[in-house]
There are 2 protein chains.
Amino acid sequence: MNRSVTESRDLFAIADLAREFDISTRAIRFYEAKGLLSPERVGATRIFRRRDRARLILILRGKRLGFSLRDISDYLSLYDANRSQQVHLLTAKVDERLASLEAQLQDLQTTIAELKEIRKLADERLDKAG
Amino acid sequence: MNRSVTESRDLFAIADLAREFDISTRAIRFYEAKGLLSPERVGATRIFRRRDRARLILILRGKRLGFSLRDISDYLSLYDANRSQQVHLLTAKVDERLASLEAQLQDLQTTIAELKEIRKLADERLDKAG
DNA sequence: CACCCCTTTGACGCTAACGTAAAGCCATGA
DNA sequence: TCATGGCTTTACGTTAGCGTCAAAGGGGTG
């Protein structure tokens, strides 16, 4: 068994990534303009590598979690700092992020619990109405 | 032991809520304009009851979770439907919400795990350098 | 009465995160 | 050769979620 198609490649056009993740090319260019991505160029054409693709995945996950691009940018720099031996200051920032993420986790679990309760009540009513 | 100050009251001015939750009165009026709140009026002045306050708490939690006011509005209507015996269609919508919230929970847990890993690596480097 | 503080509505301003032309460059194929 | 299609940049448009006056009206106090 060989690897999946996507993981076996290393070079992507902007349209490839747009298609794969169902976003617009405009969005990708926008992320680059904001410094979240920095694809190579061949002439004027953007060439994305696996690393860029990996960052894009993180960007989109950040968005699903409701973070701003500014936040996501800070978040990505934690990964970069991790790779580039800038250990100083890193742990403090990571701890900050972790604290707020865990607060968000609490909010989320509370919300899920409440919805499950509503669901349960609704089911019980349906039973009575049988 | 009597109840906490906030819970013992039933009437709130807009400024009371703004102070308590550290948001602007403008924001509260905006939520009303969007239909998320519907305080009573005495003359032209808004009077908020505990129920409004409870909704505001849900609104703010929704915002912390990164939801749009539109999403939050839908979410609140689930609570309303629960109170008002509109059981039909309710469970389906609740299930939808639950599914996407649990997806978000996954994203969040993945992110937290990654950050903890980065933290661990940073600590180990500091130990070596120690 | 004058003053201050809180309230109201209305209107304009602002940032983020793109959408949407517009116009040009380059390669491919009939 | 010319059309087609994908890529580029530039630039203006749009929506959400408020911030920020502006103007006017109570309502209690000295």
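So that the names make sense, note that chain A is the first sequence line, chain B the second, and so on, each numbered from 1. It should be emphasised that the depicted structure is a prediction, and the values quoted were computed from it without experimental measurement. The basis for the numbers below is simple: all heavy atoms, side chains too, and nothing from hydrogens, waters or symmetry mates.
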Rounded to whole Å, how long is the line connecting atom [atom1] of [X] with atom [atom2] of [N]?
X: A/Phe30; N: C/dT20; atom1: CZ; atom2: C1'; answer: 15 Å
X: B/Glu32; N: C/dT9; atom1: CD; atom2: P; answer: 7 Å
X: B/Ile28; N: C/dC6; atom1: CD1; atom2: P; answer: 15 Å
X: B/Arg41; N: D/dG25; atom1: CZ; atom2: P; answer: 17 Å
X: B/Leu17; N: C/dT7; atom1: CG; atom2: C1'; answer: 14 Å
X: A/Asp16; N: D/dG6; atom1: CG; atom2: P; answer: 12 Å
X: A/Leu69; N: C/dT15; atom1: CG; atom2: P; answer: 16 Å
X: A/Lys63; N: C/dA16; atom1: NZ; atom2: P; answer: 13 Å

Taking the side chain of [X] as heavy atoms from C-beta outward, which of [options] is closest to it?
X: A/Ala44; options: D/dC7, C/dC18, D/dT8; result: D/dT8
X: A/Ile14; options: D/dT8, C/dT7, D/dC18; result: D/dT8
X: A/Ala27; options: D/dC7, C/dC18, D/dG19; result: C/dC18
X: A/Arg46; options: D/dT9, D/dC18, C/dT9; result: D/dT9

Counting any heavy atom closer than 4.0 Å, what does [X] reach on the DNA or RNA strands: base, sugar-phosphate only, or nothing?
X: B/Ser68; answer: sugar-phosphate
X: A/Arg29; answer: base
X: A/Ser24; answer: sugar-phosphate

For this session: Find out whether B/Glu32 and B/Ile28 are in side-chain contact, i.e. whether some heavy atom of one side chain is under 4.5 Å from a heavy atom of the other.
Result: no

For this session: Indicate whether any N or O donor in one side chain lies under 3.5 Å from an N or O acceptor in the other, for B/Arg61 and A/Thr111.
Result: yes

Exercise. Is there a donor-acceptor contact under 3.5 Å linking the side chains of A/Arg70 and A/Tyr75?
Worked result: no

Exercise. Does the side chain to side chain contact (heavy atoms under 4.5 Å, CB included) test come out yes or no for A/Tyr79 and A/Arg55, once each step is laid out?
Worked result: CA-CA 10 Å; A/Tyr79 282 76; A/Arg55 288 176 73 91; 5.8 Å; no

Problem set entry | Phosphate-side-chain proximity, B/Arg19 and C/dC6, N/O vs OP1/OP2 below 4.0 Å | no

Problem set entry | Under-4.0 Å side-chain N/O to phosphate OP1/OP2 contact, B/Tyr31 with D/dC18 | yes

Problem set entry | Check: C/dT20 base within 3.5 Å donor-acceptor of A/Arg26 side chain | yes

For this session: Considering only NZ, NE, NH1 and NH2 on the basic side and carboxylate oxygens on the acidic side, decide whether B/Arg9 and B/Asp16 come within less than 4.0 Å.
Result: yes

